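See below for the structure under consideration.
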2 protein chains.
Amino acid sequence: MYTISQLAKQMNLSRSSLIYYDKIDLLKPSCRSSSNYRLYSEQDKVKLEQINQFRAAGLSLEAIKQLLQQNNSSAGLFLEQRLEQINHEICQLRSQQQQIVNLLGQTTLLPSTRLVNKAQWVEMLEASGMDEADMRQWHIEFERKLPEAHTDFLQSLGIPEQEIEIIKSWAK
Amino acid sequence: MYTISQLAKQMNLSRSSLIYYDKIDLLKPSCRSSSNYRLYSEQDKVKLEQINQFRAAGLSLEAIKQLLQQNNSSAGLFLEQRLEQINHEICQLRSQQQQIVNLLGQTTLLPSTRLVNKAQWVEMLEASGMDEADMRQWHIEFERKLPEAHTDFLQSLGIPEQEIEIIKSWAK
DNA sequence: GCTAAACTGTGAAGTTATAGTCAGGTCAAA
DNA sequence: TTTGACCTGACTATAACTTCACAGTTTAGC
């Protein structure tokens, strides 16, 4: 049996989070002490570990609650939906990066450039022995194997939609 | 002069957003009609356009408010901070993707794989004529030119920290 | 046995950037 | 003048907590 603060510390959560989980019926302690203090069992702890796993995947507490209640494996569905959502969010963040680059004026002014652009990428591939034909072949492979990922990759280099279309069409 | 709904429609915002902007002193209409309706001037509209630009970069309304008040170009600072934050958020989302992949079991079960892993990447580079030595050279180039971006890239392939360290150390 | 510190409980309010609802106000046509 | 359409400000709800206030409880030291 653990008190609320003990469990919170072990799980690297705040006490208030556990109180909140109790309130929304996500995780209720299986006992209470004589003075009405929350007491968490080993089983409660296991459940909290599960909750944390799903939380690390970015599922909402509401979704976690549902899939823990319906003990079956509806988890797959939720997780796949979440994957879609993550892709969407990453796209949005990329678009925000582009917006900032535009607002800041020139790419060269960027502080510690974590953003790689097309020119840099080409330069690096050339430096390791690729020529234009090789790169074309590489895009064709990429498009055939993983078309969505290919699009994501091209977008991340800040390449305009039109050019992306052209590159993707090489594979046809 | 625009009424609140006119301006909202033009700017592709909801009426409630403009009411909210008024409430938090981000954008107050410069006049009110005799019946106390909000009336927005051309200048208000220009300001709202600026706000939208910063919003597209993902800045918080609080940050936007500050940098519009201090009319000077403290914008750069905010934008650079936001870039850092975006990197952080993308890393988190990647980590969530990995968590989901782990929870789902095998990569092969993934629906439409947008995630590229190490094996796939190597395969594609090989198919376009790169050998192991070339790839090593490529990593060395990448590390010298853009170390942070290199780390991000390796992380995105789901490569464990230890191996990332090794690959990065090739450049020394 | 007493006091103080550290812990616990409940409940309310605050956080962000909106979307949605609602009673009532305003305006144009009939 | 009345009807109906449209419009308004104000309010509430959202997710996942955190912070606050206040009161009761347990524990440690003396």
Side-chain angles (χ1 to χ4, degrees), chain A residues 1-40 44 48 51-68 78 81-82 85-86 88-89 92-93 96 99, chain B residues 1-29 31-40 44 48 50-68 78 81-82 85-86 89 92-93 96:
Chain A
M1 290 294 179
Y2 309 98
T3 65
I4 189 167
S5 289
Q6 280 170 2
L7 188 65
K9 197 168 178 185
Q10 279 179 47
M11 293 296 171
N12 214 25
L13 282 170
S14 71
R15 190 176 77 101
S16 19
S17 297
L18 289 180
I19 292 176
Y20 179 67
Y21 291 176
D22 185 353
K23 188 163 131 195
I24 65 170
D25 299 332
L26 175 61
L27 180 72
K28 288 196 164 315
S30 39
C31 326
R32 291 281 188 146
S33 79
S34 56
S35 48
N36 202 32
Y37 285 11
R38 290 173 181 83
L39 290 175
Y40 293 88
D44 294 336
L48 186 53
I51 291 171
N52 276 344
Q53 279 202 318
F54 289 120
R55 228 170 40 106
L59 293 192
S60 71
L61 297 187
E62 185 53 38
I64 296 173
K65 186 171 143 189
Q66 280 181 39
L67 67 82
L68 287 182
F78 281 102
Q81 282 175 355
R82 177 62 189 150
Q85 202 188 342
I86 289 174
H88 184 66
E89 286 173 26
Q92 280 189 318
L93 289 174
Q96 293 189 1
Q99 291 295 327
Chain B
M1 288 295 180
Y2 310 98
T3 66
I4 188 167
S5 289
Q6 280 172 0
L7 188 64
K9 196 167 180 184
Q10 279 181 47
M11 292 298 170
N12 214 24
L13 279 171
S14 72
R15 193 177 65 98
S16 331
S17 299
L18 289 180
I19 291 176
Y20 180 65
Y21 292 177
D22 184 354
K23 186 164 135 195
I24 65 170
D25 299 333
L26 175 61
L27 179 72
K28 289 196 162 316
C31 327
R32 292 281 187 146
S33 77
S34 54
S35 46
N36 204 30
Y37 286 9
R38 291 172 180 83
L39 290 175
Y40 294 89
D44 294 335
L48 185 53
Q50 285 184 322
I51 290 172
N52 275 343
Q53 280 202 317
F54 289 120
R55 228 168 42 106
L59 293 191
S60 72
L61 298 186
E62 184 53 38
I64 295 173
K65 184 172 147 188
Q66 278 181 39
L67 68 80
L68 286 183
F78 280 100
Q81 281 175 355
R82 177 62 191 152
Q85 203 189 339
I86 289 174
E89 285 172 27
Q92 279 188 319
L93 289 174
Q96 293 191 0

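Every value quoted in this text rests on a predicted model; they were computed, and no experiment measured them. In what follows, chains are A, B, ... by sequence order, proteins preceding strands, each numbered from 1.
Counting atom types as modelled, B/Arg15 pairs a side-chain N or O with a base atom of D/dG9 as donor and acceptor under 3.5 Å.
Looking at the side chain of B/Ser14, the nearest of the listed nucleotides C/dT18, D/dA16, C/dT10 is C/dT18. Looking at the side chain of B/Ile19, the nearest of the listed nucleotides C/dG9, D/dG9, D/dT25 is D/dG9. With C/dA19, D/dT8, C/dC7 as the candidates, the nucleotide lying closest to the side chain of B/Ser17 is C/dA19.
No side-chain N or O of B/Ser5 forms a donor-acceptor pair with one of B/Thr3 less than 3.5 Å apart.
For the side chain to side chain contact (heavy atoms under 4.5 Å, CB included) criterion with B/Leu13, the lone passing option out of B/Leu48, B/Leu7, B/Ile51 is B/Leu48.
Computed from coordinates, the B/Lys23 NZ to C/dA17 C1' distance equals 11 Å when rounded to whole Å. Distance, A/Gln92 CD to C/dA17 P: 14 Å, rounded to whole Å. What separates NZ of B/Lys9 from P of C/dA19 is a distance of 16 Å, to the nearest Å. The nearest whole Å value for the distance from the OH atom in B/Tyr37 to the C1' atom in D/dG9 is 9 Å. In this structure, A/Tyr20 atom OH and D/dT19 atom P are separated by 16 Å, rounded to whole Å. The distance from atom CG of A/Asp22 to atom C1' of D/dA16 is 15 Å, rounded to the nearest whole Å. One can place CD1 of B/Ile24 at 17 Å from P of D/dG9, the figure rounded to the nearest angstrom. D/dA15 atom C1' lies 12 Å from atom CD of A/Gln85, rounded to whole Å.
Neither OP1 nor OP2 of D/dA16 sits under 4.0 Å from any side-chain N or O of A/Tyr21. Between B/Arg38 and D/dT8 there is no side-chain N or O to OP1 or OP2 distance below 4.0 Å. In this model, the phosphate group of C/dG9 is not approached by any side-chain N or O of A/Ser35 to a distance below 4.0 Å at OP1 or OP2. For B/Arg55, no side-chain nitrogen or oxygen approaches OP1 or OP2 of C/dT16 to under 4.0 Å.
Looking at heavy-atom distances under 4.0 Å, A/Thr3 makes contact with sugar-phosphate atoms alone, never a base. Within 4.0 Å (heavy atoms only), B/Leu13 reaches no atom of the nucleic acid at all.
Between B/Gly58 and A/Gln96, the closest heavy-atom pair is CA-OE1, 3.4 Å.
Residue order along DNA chain D, read from the 5' end via each residue's closest nucleotide, puts A/Ser16 first among A/Ser16 and A/Ser34.
For B/Asn12, the CG atom sits in a loose shell: 12 or fewer heavy atoms of surrounding residues, nucleotides or ligands are nearer than 6.0 Å.
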ask   = Does the pair B/Ser33 and B/Ser35 meet the rule for a side chain to side chain donor-acceptor pair (under 3.5 Å), with working shown?
value = CA-CA 5 Å; B/Ser33 77; B/Ser35 46; 3.1 Å; yes

